[in-house]
2 protein chains.
Amino acid sequence: MARIKDVAAYAGVSVATVSRVLNSNPSVTAETRDRVYAAMTALNYRPNAVARSLRTEATRTLGLIIGDILNPFFTELARAVEDEAREAGYTVVIGNADERADQQDHYVRTLLEQRVDGLLICPTAEVTPLVEELAGGDLPLVFLDRTLPGMEVPSVRVDGTGAITELVAHLRALGHLRVAFVSGPGTLSTGRERTEAFLAAASANGLDVPAEYVRVGDFRAGSGQALTSALLDLPEPPEVIFLGDNLMALGALDEIRKRGLRVPDDIALASFDDVPWFAHTHPPITAISQPTAELGRRAVRVILGRLRGEPAESVVLPAVLTVRESCGEAGRVAL
Amino acid sequence: MARIKDVAAYAGVSVATVSRVLNSNPSVTAETRDRVYAAMTALNYRPNAVARSLRTEATRTLGLIIGDILNPFFTELARAVEDEAREAGYTVVIGNADERADQQDHYVRTLLEQRVDGLLICPTAEVTPLVEELAGGDLPLVFLDRTLPGMEVPSVRVDGTGAITELVAHLRALGHLRVAFVSGPGTLSTGRERTEAFLAAASANGLDVPAEYVRVGDFRAGSGQALTSALLDLPEPPEVIFLGDNLMALGALDEIRKRGLRVPDDIALASFDDVPWFAHTHPPITAISQPTAELGRRAVRVILGRLRGEPAESVVLPAVLTVRESCGEAGRVAL
DNA sequence: TACCCTCGTGAAATCGATTACATGGAGGGC
DNA sequence: GCCCTCCATGTAATCGATTTCACGAGGGTA
């Protein structure tokens, strides 16, 4: 593959001049510039980003570590991050932690060795020494979707409190009294905050939530299924199960389907985190929608800001309730 | 950040020795090795992959360009590719072409500049000069999921012919006579082959398929919706619409829902490409399942083989039919 | 004792770009 | 006509690793 040296020789100039053309340095004559461009085309030259990065100490690359690439929420997030980064001339390297701390750390290490210019992490529930070290280091770092308690890292995330409060009121209005919540790990903001919001809203609406109605899942379909099963096996099972994310809702649907139960008559269902196909299930699922794409875009802006030396500020976006039919239809209840 | 030179100074050895330790070269005393490791830990040293790649002319990185990251099929594919690559010590950089030739080319260029060791491409329908050049070049290249006509590039893909034949027979057995197919672009193997298989199976089953029953979509939800709408508006609309991928099926569902029609009574539906939530729609959707993860893993093996100098052989995997209820229930039809 | 081989280690070249500094020529002011 | 300035370009150091080659010590053999 042609190197800058070959282009220089072909164009009859020095490598410095070719480099200047590559970086659109204005102090190059139009005539020389054209000759260099012609040489590049003739030799099919492609600049070596590896060499450039070594010299400039910048890779124009961002690392993104997501919880689970099979989760449509993270997919949409990743896409938004990539779009925003590309527009700014950055490449994104995605690492799929699969909600496992060791795999998250594997990608952190790899991305550090690759010398990414910044790191966006959706941290796993378990806080690792590596991530703690990162928080104290000077690589631009942003927590995405989730925060970890006691860590001074700027974050970009969604606050679901308002939407959860609205959802509980909606359930109450439909006449439901026994509502269970399958949340995420308490070490993650997305687990902790949603649980607190749910309990506060329940109490505000006069709902009694026994301890066994609040379960802790891991944001994967399997735990949604297992915990739904456990809830349905209670001596007094809930009338509604509210799942903490779309994958756990999928698991719950699997379990409900397996048991031959009907939604919402036998058991009502709601989910935090809306995905397109929720509109097409039987029945369509009431869910809390997050501004996922906006989340990703804002995170990139925060980290690019840090790269320009601006102070990083955390961002919190609101979620909204999308009422469908899985908790009972207003019309039907009114009868 | 600590460099190899710092580690060498701290351990009282030369940079060459540190490098040997890094690369587990056996000709280093256990005692020296331990001293070097201690120095690395003390300085929190992380090898600079950029410098290493410049020298070794290998990045241990693979590029993967997919059609659309929001499509669960590609997500699963990407995940499998990443898993298999990671096990072999490779990093994957994903580019989302969004089914657009210009964006595909953007990622090809970026990945070439980053000097990836190999490239896995799910090519867009439009063949670009850049991709043609690539096919003639010496960078290991594999086409994934799709092939392009007349290009000598090893590919790893699925053959749906058998499953499509089975599906058509299934439709015929349920009593359907008017079956429409929304396929993908004819320049892609996934479009061309599926159409041919469908037409052959239809004729074998004595079904008459008028030209207006065969539509060409672009594997995106929007075209599934638009083409479903067009089909439903025909003077003699089909009884069944068979969609060429899961996103077009989602679009079709949107249109059907908008019109207030019922599946399968008003219009039956089937999809090439199965996704988990097809089991949870109303009604569950009959689909052709692809061995998606296997596809991704095999592609990585082919390209890693080429990197080791082995000749690359194309791989073709079979798809299978998963009958659900969206084409009518056998039981019901029997009544 | 002389010779040679092996083994562990070090010095220095190298990968392909960027960039600080040097250089030479043109042009302008006096 | 001299000198200074500025501008376009070139020379060479540099980024952080790997790798070739050389070297010196130690051990075995004759």
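Chain A is the first sequence line, chain B the second, and so forth, proteins listed ahead of strands; every chain is numbered from 1.
The distance from atom CG of A:Asn23 to atom P of C:dT18 is 4 Å, rounded to the nearest whole Å. If you measure from atom CD of A:Glu113 to atom P of D:dA17, you get 10 Å, rounded to the nearest angstrom. Rounded to whole Å, the distance from CZ on B:Arg60 to P on D:dT18 is 13 Å. Separating the CG atom of A:Leu54 from the P atom of D:dT14 is a distance of 14 Å, rounded to the nearest angstrom. Distance, B:Asn25 CG to C:dT9 P: 10 Å, rounded to whole Å. Rounded to an integer number of Å, the gap from CD of A:Gln114 to P of D:dC15 is 22 Å. Put simply, CD on B:Glu57 is 18 Å from P on D:dA17, counting in whole angstrom units. At whole-Å resolution of the value, CG in A:Leu22 and C1' in C:dT19 are 14 Å apart.
For the segment residues 27-40 of chain B, the set of residues with a heavy atom within less than 4.0 Å of an atom of DNA chain C comprises B:Ser27, B:Val28, B:Thr29, B:Thr32, in numerical order. Residues from residues 1-19 of chain A that place a heavy atom under 4.0 Å from any atom of DNA chain C, listed by number: A:Arg3, A:Ile4, A:Ala16, A:Ser19.
One side chain, B:Asn44 or A:Glu133, offers a donor N or O that lies under 3.5 Å from an acceptor on the other. With hydrogens and angles left out, the side-chain atoms of A:Thr124 and A:Glu99 include no donor and acceptor closer than 3.5 Å. Using modelled atom types, one finds a donor on one side chain and an acceptor on the other under 3.5 Å when comparing A:Arg86 with B:Tyr107.
In this structure, the side chains of A:Val302 and A:Val315 come closer than 4.5 Å at one or more pairs of heavy atoms.
In this structure, A:Glu313 places its CD atom where only 12 or fewer heavy-atom neighbours from other residues, nucleotides or ligands lie under 6.0 Å away. More than 12 heavy-atom neighbours from other residues, nucleotides or ligands sit within 6.0 angstrom of CD on A:Glu113.
Taking the charged nitrogens against the carboxylate oxygens, B:Arg35 and B:Glu31 do have a contact shorter than 4.0 Å, which makes a salt bridge. A salt bridge links B:Arg297 to B:Glu294: at least one charged side-chain nitrogen sits closer than 4.0 Å to a carboxylate oxygen.
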Audit row: A:Arg220, A:Asp218, salt bridge (charged side-chain N to carboxylate O under 4.0 Å, His left out) steps and yes/no: CA-CA 5 Å; A:Arg220 324 230 37 182; A:Asp218 63 2; 5.4 Å; no
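B:Asn48 has no side-chain polar atom (N or O) that falls below the 4.0 Å cut-off from OP1 or OP2 of D:dC15. Distances shown here put every side-chain N or O of B:Arg55 at or beyond 4.0 Å from the OP1 or OP2 atom of C:dT14.
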